[in-house]
Amino acid sequence: MQSITKTYLTGIIFRTINQTIQVRRASQKNYLHYLNYPTARQEEILDFIQSMPYFDEQLKKFLMGKLNETTIIISQNWETAFIVKCKLWAHSHDWLHKDTIFSIGFYPEYISRRKESLTLPY
């Protein structure tokens, strides 16, 4: 068990989406806006978190700094599940090729909690 911050987890997300961010940008309407940025920007990280179908709402709120908690205690298994779910979404067709914020509004198809959603570990 280890105590971690949202910064630690968003760092994992940052490293994960940087592997595919250029593919996502190429399929977006605002691609030219990002030409000078070699890595994911803050708004892209937030977009990733908000659209993630594998995180429950409490975990999303923690990652976006909307909860009072500043740290959580996680197990190695939880961290592994977090990384796997980030990779699944970062390489998914929906993340890479759908402009979810503009085409379907504020993520209505992703907001409902899926049974495999990762929750905060407490």
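Along the sequence shown, residues are numbered consecutively beginning with 1.
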Sequence-distant partners of Arg41, side-chain contact (heavy atoms from CB on, under 4.5 Å), two or more places apart
Arg25, His33, Tyr34, Tyr37, Glu43, Glu44

4.5 Å side-chain heavy-atom contact, Ile17 and Ile45
yes

Can you check whether Leu9 reaches Ile4 side chain to side chain, under 4.5 Å on heavy atoms?
yes

Non-hydrogen atoms of Asn18 and Ala40 that approach each other most closely:
OD1-N, 2.6 Å

Working for side-chain contact (heavy atoms from CB on, under 4.5 Å), residues Tyr54 and Ser92
CA-CA 12 Å; Tyr54 305 115; Ser92 74; 5.7 Å; no

Is the shortest heavy-atom distance from the side chain of Thr119 to the side chain of Gln58 under 4.5 Å?
no

Test side-chain contact (heavy atoms from CB on, under 4.5 Å) applied to Leu96 - qualifying residues, sequence neighbours left out
Thr20, Val23, Arg24

Which pair of non-hydrogen atoms, one from Trp95 and one from Trp89, has the smallest distance, and what is that distance?
CB-O, 3.0 Å

side-chain contact (heavy atoms from CB on, under 4.5 Å) filter on Lys6, not counting sequence neighbours, yields Phe62

Are any non-hydrogen side-chain atoms of Ile49 and Thr10 less than 4.5 angstrom apart?
yes

With side chains defined as the heavy atoms from C-beta onward, is the minimum distance between Asp56 and Lys60 less than 4.5 Å?
no

Report the relative orientation of the aromatic rings in His93 and His97; use parallel for angles under 30°, tilted for 30 to 60°, perpendicular for over 60°.
tilted

Provide the closest heavy-atom pair for Ile12 versus Thr16 in the form atom of the first, atom of the second, distance.
O-OG1, 2.8 Å

Qualifying residues under side chain to side chain donor-acceptor pair (under 3.5 Å), relative to Gln2, sequence neighbours excluded:
Glu79

Heavy-atom pair of closest approach, residues Leu63 and Ile13
CD1-CD1, 4.1 Å

What are the two closest non-hydrogen atoms of Leu118 and Ala81, and how far apart are they?
CD1-CB, 4.1 Å

What closest approach, in Å, do Lys85 and Met52 show between heavy atoms, and which atom pair accounts for it?
O-CE, 3.6 Å

Nearest-0.5 Å distance, CD of residue Glu57 to CD of residue Gln50
9.5 Å

With sequence neighbours left out, write down each residue that passes ring pair (Phe, Tyr, Trp, His ring centres under 6.0 Å) with Phe14, or none if nothing qualifies.
none

Could you tell me whether the side chain of His91 and the main chain of Lys87 form a donor-acceptor pair under 3.5 Å?
yes

